[in-house]
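A short worksheet on the structure shown next.
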Amino acid sequence: MPPEIIKGLKDVYLDTTTSSFIDGQEGKLLYRGYNIHDLAEKSTFEEVIYLLFYGNLPTKQELQEFDDLLRANRRLPDEVIQVLDLVKASHPMDALRTGVSALAAFDPEVTDNSTEATIRKGIRLSAMGPTIVAAHHRLRQGLEPVAPNPDLNHAGNFLYMLFNEMPEQETIDLLDVDFILHAEHGANASAFGARVAASTLSDLHSAVTTGIGVLKGPWHGGAAEEVMKMALDIGQPENAAEYCRNILDNGGRIMGFGHRVYKAEDPRARHLRERSRALGEKKGQPNWFKILTYVEDEVMVPYRSRGIFVNVDFFAGSIYYLLEIPDDLFISIFALGRIPGWTLQCVEQFEDNMLIRPLLEYVGEMDKEFVPLEERG
Ligand code: SDX
């Protein structure tokens, strides 16, 4: 009896979790029991990181102390800055992957996989991630990195280090929501990769490095950049239908649509849809939102019956573009938001571990006779 092959491990349950609840049919998402709609509109990324790490929303005092801890852990060792300078020509995701790897050499708890140490390392990596991405972006422009600003929150400090200017509060709030929406999402491909690393009892730095590598693919984290490239190629709303038809009729996919789990609208998308519209109006560039909504409300309507709706990435790219963030940094922003989620998935894996090692059904030739080299002609 041939074994059942579950390609892509589609609909396979790996384990239980208390990290996030995803109802793909309903389009519902909870982080630690709290609805993403409440978290996106009523909390901050710092509160969400605390929630993911400790399982409950912080009191004012707890949040203040946690925020202070994040702010105190943003600075990179000088040696890591030097490493980033050596790889300044690399893609920002490769730089982030390299920076996280390099940080392992300077973290005194790197081999401690206890829950407490893993969370402490997760705090450090969450705090330093933006510094790595911003420092690399400055170095690749031939500029000096900008030191973290302890007066700014997580999102504000990232923007400040990236552009070397004080960001507007509205922009800070936009990025804060974006980080919240990207923070955690169960056994997505990058979190699964991080779990595999944790399941061998490797360490959090290796697991987060793995997650960054997996997230880089356009079918996972790279979609936001591809969506904006599509919008730029389309140029005007009236071109959208023909442009998308050409892709779809040739078996291609419209980036920012579809999801392995959601067969209804990704509940995160609405929080970026309206913000994309408002930002486009504010920046005098309403065209991009018009193009995106034309794709969503005209072109892709027939795909809804097949459970293909917008996902979190569809509107994110237009927001980053309007904020004048370089397009190869879009995916890094996703990664910076997801470091807490990867950390939590690793905590869960470490706490009740079993080595993750699926099977492959061998369909090749069997028991071939070995021919010595000199007889192979
Ligand atoms: C993220 O998993 C997560 O949680 C990820 C994420 C997270 O927070 O971590 O939510 C973030 O990665 C969001 C997804 C970002 N990726 C994209 O937007 C890339 C475009 N989307 C697809 O490539 C696709 O939808 C996937 C890869 C995301 C999911 O694909 P599945 O579940 O493996 O489904 P599939 O590839 O088997 O497709 C089923 C059918 C196929 O048609 P048929 O072969 O059956 O005729 O749906 C079609 C696909 O061609 N399809 C699409 C489509 N996505 C699926 N057709 C057109 N456009 C699309 N975007």
Side-chain angles (χ1 to χ4, degrees), residues 15 17-19 32 45-56 58 62-84 95-136 147-148 150 154 157-158 179 183-184 190-215 335-356:
D15 209 328
T17 184
T18 60
S19 61
R32 295 292 214 171
F45 184 50
E46 286 82 353
E47 284 178 85
V48 167
I49 302 175
Y50 185 100
L51 171 64
L52 292 173
F53 285 175
Y54 302 110
N56 46 55
E62 288 166 336
L63 179 59
Q64 183 60 58
E65 289 166 5
F66 187 71
D67 191 9
D68 291 346
L69 201 51
L70 285 168
R71 292 178 192 232
N73 280 280
R74 290 168 172 169
R75 189 174 287 278
L76 295 175
D78 290 342
E79 296 88 341
V80 174
I81 298 281
Q82 289 163 25
V83 168
L84 293 175
L96 178 58
R97 194 187 62 225
T98 305
V100 168
S101 286
L103 280 172
F106 304 93
D107 193 306
E109 300 186 293
V110 67
T111 57
D112 185 340
N113 291 334
S114 66
T115 298
E116 296 73 18
T118 301
I119 289 175
R120 284 194 294 270
K121 289 185 280 184
I123 289 169
R124 292 195 281 271
L125 290 178
S126 298
M128 291 183 200
T131 317
I132 293 172
V133 172
H136 172 259
H154 193 85
N157 174 59
F158 173 58
F179 280 143
E184 153 61 27
S190 54
F192 177 73
R195 274 187 174 257
V196 171
S199 81
T200 67
L201 301 187
S202 178
D203 57 57
L204 183 69
H205 286 77
S206 302
V208 171
T209 301
T210 304
I212 295 166
V214 174
L215 185 70
L336 296 178
R338 187 53 56 89
I339 292 174
W342 289 328
T343 300
L344 174 54
Q345 294 295 330
C346 290
V347 165
E348 288 198 337
Q349 190 67 38
F350 286 137
E351 286 183 340
D352 181 15
N353 186 43
M354 176 178 281
L355 176 69
I356 299 173

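Heavy-atom basis, side chains included; hydrogens, waters and symmetry copies ignored.
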Using the side chain to side chain donor-acceptor pair (under 3.5 Å) rule, collect all pairs that involve residues 70-80, keeping only residues at least two apart or in two chains.
-> D67-R71
Kindly indicate whether the side chain of I212, heavy atoms from C-beta on, has any atom under 4.5 Å from the side chain of V100.
-> yes
At their closest point, which heavy atom of A117 faces which heavy atom of D112, and how far apart are they?
-> CB-CG, 3.3 Å
Interatomic spacing from CZ in F53 to CZ in R32 - rounded to 0.5 Å | 10.0 Å
Using modelled atom types only, decide if a donor and an acceptor are shared between the side chain of S199 and the backbone of I356 within a distance under 3.5 Å.
-> yes
Which atom pair, heavy atoms only, marks the closest approach of S126 to P130?
-> O-CD, 3.2 Å
Side-chain heavy atoms of E348 within contact of R195, under 4.5 Å | yes
By side-chain contact (heavy atoms from CB on, under 4.5 Å), S101 pairs with (sequence neighbours left out) T209
What distance separates Y54 OH from L344 CG, expressed to the nearest 0.5 Å?
-> 12.0 Å
Note, T131 side chain near F158 side chain (heavy atom, < 4.5 Å) | no
Could you go step by step and tell me if E47 and L63 meet the side-chain contact (heavy atoms from CB on, under 4.5 Å) rule?
-> CA-CA 7 Å; E47 284 178 85; L63 179 59; 3.6 Å; yes
Output for pair (L215 CG, W342 CH2), nearest 0.5 Å, gives 5.0 Å
Quick one: closest heavy-atom pair of S190 and G211, and the distance?
-> CB-O, 3.4 Å
So, are D107 and K121 salt-bridged, with charged N and O less than 4.0 Å apart?
-> no
Just by modelled atom types, is the S114 backbone N or O under 3.5 Å from a matching donor or acceptor in the T118 side chain?
-> yes
CG/L204 to CD/Q349 distance, rounded to the nearest 0.5 angstrom?
-> 12.5 Å
Would you check if the side chain of N113 reaches a backbone N or O of D203 as a donor-acceptor pair within less than 3.5 Å?
-> no
Can you tell if the side chain of T210 reaches within under 4.5 Å of the side chain of V196, non-hydrogen atoms only?
-> no
I339 and G129: which non-hydrogen atoms are nearest, and at how many Å?
-> CD1-CA, 4.3 Å
Kindly give the heavy-atom pair with the smallest separation between G99 and I132, and that separation in Å.
-> C-CD1, 3.7 Å
Run the numbers on T343 and I123 for side-chain contact (heavy atoms from CB on, under 4.5 Å), then give the verdict.
-> CA-CA 9 Å; T343 300; I123 289 169; over 6 Å; no
4.5 Å side-chain heavy-atom contact, F350 and T115 = no
Output for pair (E109 CD, E116 CD), nearest 0.5 Å, gives 10.0 Å
Spacing of CD belonging to Q64 relative to CD belonging to E46, to within rounding of 0.5 Å = 10.5 Å
Heavy-atom distance under 4.5 Å between the side chains of I49 and F66, does that happen here?
-> yes
Shortest non-hydrogen contact between N56 and Y50, atoms and distance | O-CD2, 3.2 Å
